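Below is one structure, written out as structure tokens; the observations come after it.
Remember, it's a predicted structure, so these values are computed and weren't measured experimentally.
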Amino acid sequence: MAATVSFSVPSPHGPRTVTVSYARVGTGEPLLLLHGIGHHRQAWDPVVDILATERDVIAVDLPGFGASPALPDGLAYDLSTVVPALGSLCAALELGRPHVAGNSLGGLLALELGRTKLVRSVTALSPAGFWTPAERRYAFTVLLAMRRAARNMPVPMVERLSRTAAGRTVLTSTIYARPGRRSPEAVVAETLALARAEGFAATLRAGTSVQFAEDLSELPVTVTWGTRDRVLMRRQGVRAKQIIPKARLVRLPGCGHVPMNDDPALVARVILDGSR
């Protein structure tokens, strides 16, 4: 069941109120789930029920994505704004220092939450920020093409394509290795989420100078990469391991950039193992 929470964050022009949509289920230690750019919290649906057997799971729509409103005027979609805002979200929901798992942009945010000591453990699935300049340009080109296609496609066409495995492949094969497994309803919803994401352009612009280079040696960190990731190449996982030597690097065989749908059981197990 979706809910919203509002909290105050500082800005150069005084305090601003940020509102975030989230869903919470399960019992156990709190586990915050963060999606990628242009996606929404439902990206985690394939694994939430498994995680909820052992964790208090909080899946959020990042500000400007999914059902969460855009950030107020005066707040940028950069790490120095969004990471403290997520810290304020944790405080508002009385999570203390939760475990966190994130995918893509969400993986980078999870690592930044670890760097600022706001969380107890980090599981980052194909996190942004370990790219070379050429790899970043390639990824941004792919993301912009996906966004353009989603915005230019009439909803009836999206709905028609979603009804067949071949159509779902057309719509989502960039991020899923097994797009036929995604339900028609989920594919329509995430295509519309990508088309309508108010924070997309500003978040992408903020990412042009991002490079993660911190050794999080004091925190349990797991980094995973799908062997069929077509957005962020899997060699970036090796770079992540070099930067965070104590991190556990896990390959996800046959998984794409958003692996939760491709192999829910494996991804859930990796997250649970990484958040003990």
Between Cys255 and Arg228, does the side chain to side chain contact (heavy atoms under 4.5 Å, CB included) criterion hold? Intermediate values first, please.
CA-CA 5 Å; Cys255 290; Arg228 295 174 62 188; over 6 Å; no
- Query: Stepwise, does the side chain to side chain contact (heavy atoms under 4.5 Å, CB included) test hold for Leu31 with Ile58?
  - Reply: CA-CA 6 Å; Leu31 169 64; Ile58 305 95; 5.9 Å; no
- Are Val250 and Trp225 close enough, and set up right, to give a side chain to side chain contact (heavy atoms under 4.5 Å, CB included), and what steps lead you there? CA-CA 7 Å; Val250 180; Trp225 235 280; over 6 Å; no
- Step by step, work out the side chain to side chain contact (heavy atoms under 4.5 Å, CB included) result for Leu118 and Val100. CA-CA 10 Å; Leu118 291 171; Val100 62; over 6 Å; no
Arg251 and Thr227: side-chain hydrogen bond (donor to acceptor under 3.5 Å, both in side chains), yes or no, with the steps?
-> CA-CA 7 Å; Arg251 296 294 186 198; Thr227 60; over 6 Å; no
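Note on Arg163 versus Glu185: no salt bridge recorded, every NZ/NE/NH1/NH2 to OD/OE distance being 4.0 Å or above. Salt-bridge check for Glu218 with Lys246: failed, with every basic side-chain N at 4.0 Å or more from each acidic carboxylate O. Look at Asp56 and Arg24 and you find a salt bridge, because one of the NZ, NE, NH1 or NH2 atoms lies within 4.0 Å of a carboxylate O, short of that distance.
Val270 and Leu219 end up in the same hydrophobic cluster when Ile, Leu, Val, Met, Phe, Trp and Tyr side chains are linked at under 4.5 Å. Val231 and Met233 fall within a single hydrophobic cluster, where Ile, Leu, Val, Met, Phe, Trp and Tyr side chains are chained together by heavy-atom contacts under 4.5 Å. Taking hydrophobic clusters as Ile, Leu, Val, Met, Phe, Trp and Tyr residues chained together by side-chain heavy-atom distances below 4.5 Å, Val57 does not share a cluster with Ile50. Placement of Phe200 and Leu171 in two distinct hydrophobic clusters is found when ILVMFWY residues are connected by side-chain heavy-atom separations under 4.5 Å, directly or transitively.
When atom types are taken as modelled, the side chain of Arg136 and the backbone of Gly129 share no donor-acceptor pair closer than 3.5 angstrom. A side-chain donor-acceptor contact under 3.5 Å links Arg147 to the backbone of Leu194. A distance-only check finds no donor-acceptor pair linking the side chain of His39 to the backbone of Glu190 [under 3.5 Å]. Of the possible polar contacts, none joining the Arg230 side chain to the His257 backbone as a donor-acceptor pair under 3.5 Å is found. Remark: side-chain polar atoms of Thr141 are paired, donor with acceptor, to backbone N or O of Arg137 under 3.5 angstrom. Put simply, the side chain of Asp262 gets close to the backbone of Gly256: a donor and an acceptor are under 3.5 Å apart. Arg120 contributes no side-chain N or O that, together with a main-chain N or O of Pro220, makes up a donor-acceptor pair within less than 3.5 Å. Looking only at distances, no side-chain donor or acceptor of Trp131 sits under 3.5 Å from a matching main-chain atom of Gln211. Ser68 contributes a side-chain N or O that, together with a main-chain N or O of Asp61, makes up a donor-acceptor pair within less than 3.5 Å. Between the side chain of Thr208 and the backbone N or O of Arg205, at least one donor-acceptor pair lies under 3.5 Å.
When side chains are defined from C-beta on, Ile271 counts as touching Trp44, because their heavy atoms get closer than 4.5 Å. Looking only at side-chain heavy atoms (C-beta outward), Val47 and Met260 come within less than 4.5 Å of each other. Ile37 has its side chain within reach of Phe65: a pair of non-hydrogen atoms, C-beta onward, lies under 4.5 Å apart. Contact annotation: the side chain of Thr191 never approaches that of Met153 to less than 4.5 Å [non-hydrogen atoms, C-beta and beyond]. A heavy-atom distance below 4.5 Å is not found between the side chains of Val18 and Leu89. Two residues are said to be in side-chain contact when any heavy atoms from C-beta on lie closer than 4.5 Å; Glu29 and His99 meet this criterion. Side-chain atoms of Pro259 and Asn103, non-hydrogen and from C-beta on, do get closer than 4.5 Å to each other.
Shown here for Val60 and His35, the closest heavy-atom pair between the two residues is O-CD2, 3.2 Å. The two residues Ser275 and Arg55 come nearest to each other via the heavy atoms OG-NE, 3.0 Å. Contact record, Pro72 with Thr17: CG-O, 3.1 Å, taken as the closest heavy-atom pair. Scanning all heavy atoms of the two residues, the minimum distance from Thr164 to Gly167 falls at OG1-N, 2.9 Å.
No more than 12 heavy atoms of other residues, nucleotides or ligands lie within 6.0 Å of CG in Asp73, so this atom counts as exposed by the packing criterion. Other residues, nucleotides and ligands contribute only 12 or fewer heavy atoms inside 6.0 Å of the CZ atom of Arg234. Other residues, nucleotides and ligands contribute more than 12 heavy atoms inside 6.0 Å of the CG atom of Asp273.
There is a side-chain donor-acceptor pair under 3.5 Å between Ser126 and Asp229. For the residue pair Ser8 and Arg16, no side-chain donor N or O sits within less than 3.5 Å of a side-chain acceptor on the partner.
For Phe212, the ring-ring contact (aromatic ring centres under 6.0 Å, His included) criterion is met by Phe130, not counting sequence neighbours. The ring-ring contact (aromatic ring centres under 6.0 Å, His included) check on Tyr22 picks up nothing, with sequence neighbours excluded.
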